[in-house]
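The structure under discussion appears below in the form of structure tokens.
Because only heavy atoms are used, hydrogens play no part in the values below, and waters and symmetry mates are left out as well, while side chains stay in. Indexing begins at 1, ligand by ligand and atom by atom, following the structure's order.
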Amino acid sequence: MTANTLFYIIIALLIINFLIDKIIDALNAKHYKDDLPQELHDVYDQEEYKKSQRYKATNYRFGIITSTFSLLLTLGFLGLDGFEIVDNLARSITDNPILIALLFFGIIMLGSDLITLPFSYYSTFVIEEKFGFNKTTVKTFVLDKIKGWFMMALIGGGLLTLILWSYQATGPNFWLYAWALVALFTIFMNMFYSKLIVPLFNKQTPLEAGSLMDKISAYAKTVGFKLDKIFVIDGSKRSTKANAYFSGFGNEKRVTLFDTLINDLEDEEIVAVLAHEVGHYKRRHIIFNLFASILLTGVMLYILSLFISNPLLSHALGVKTASFHIGLIAFALLYSPISEITGLGMNMLSRAFEYEADNYAKTTYKAEPLISALKKLSKNSLSNLTPHPAYVFMHYSHPTLLQRIKNLRT
Ligand SMILES: [Zn+2]
């Protein structure tokens, strides 16, 4: 195969992926105005339903603009040998291969983030604002960006350095060392994310003693679950949308509730949401997901190790001096169909897990408060109640509200 053929394969993959996405988005958009099924009539009133349809349509149009823009940007960058230009720039600053790679990715990431900045600004301060979700101030927005870059440089740069270093030190077997490093990092992050990363962006306070805490403790006791770390996070700093999640395992396991969730839901509904989260833990979904993602990373690193030393990868992107970092980009583009498929598999699994967690909440607590909680959460985020099945199959990590209600009532 020639570098030229590989170049056209990459272009074709980018375009096919874009087209599939747009077709499924369009199918989904056709159903924005569907009549609501009986079970969902009480989610929205007439006015709010109209509003949710406008929200979906606005985001759909915005999505077409941003994804077309980024496709054209990527194609333009490839066509104009952008990678060669950035690579030469990095090489003009240093001779150290690790520093070259760090500079290269730094320029690419920062550049693309700055170019797409107007879109994220518009999404937050125009679209989310117009529909009453936005609570982010310009100051928070700017600080979030800066902290995000800082984190990216520290964590992304650190991991990249370790991987490049293991490639230089061990050659073709580098994937084993890189895999061990990434696995350790993933487990570490899973355990300490809430302690180390979240505080940079949000305030977390332990849930205060009171009637809600009593109800939660009473439930936790019935299922023999040690639930002593419940934190309330100031999600209202950025958005009115609400959420709850479980993180860590062993002694580090904790539940995080958005303050917006506590404001929107009744105590019983919050306990039901927690029961669902406990279900994820008890059914070992958290550990399973962790190991599945580590396994998939291993497979990917192994395949990467088979191709990375082939200069064809770099040449396909128009870069004359073959290197690990350019090969990595070409590989990522070529690997995208495989990662799409594994992503679909993970989504399917995640939807099955959601049913299991719902069933756990139903049998150990109650179904009805969970149903009303899910309805309120859907209403408050103006979510789409009638998504197209193909869209659900591709993108949903959770079953639809209707599917979950039906399952909870059987
Ligand atoms: Zn869940």
Taking Leu14 as the fixed residue, which of Ile9, Leu78, Leu19 is the one that meets the side chain to side chain contact (heavy atoms under 4.5 Å, CB included) rule? Leu78
For Glu354, the N, O or S atom at the shortest distance from the Zn ion (ligand 1) is OE1
Less than 4.5 Å apart, side chain to side chain, heavy atoms only: is that true for Ile24 and Asn28? no
Flag His276 as yes if one of its N/O/S atoms falls below 2.8 Å of the Zn ion (ligand 1), otherwise no. yes
Taking backbone and side chain together, does Asp358 place any N/O/S atom at a distance below 2.8 Å from the Zn ion (ligand 1)? no
Taking the six-membered ring for Trp, are the ring centroids of Phe324 and Phe174 within less than 6.0 Å of each other? yes
So is Lys241 actually on top of Phe133's ring, under 6.0 Å and inside 45° of the axis? yes
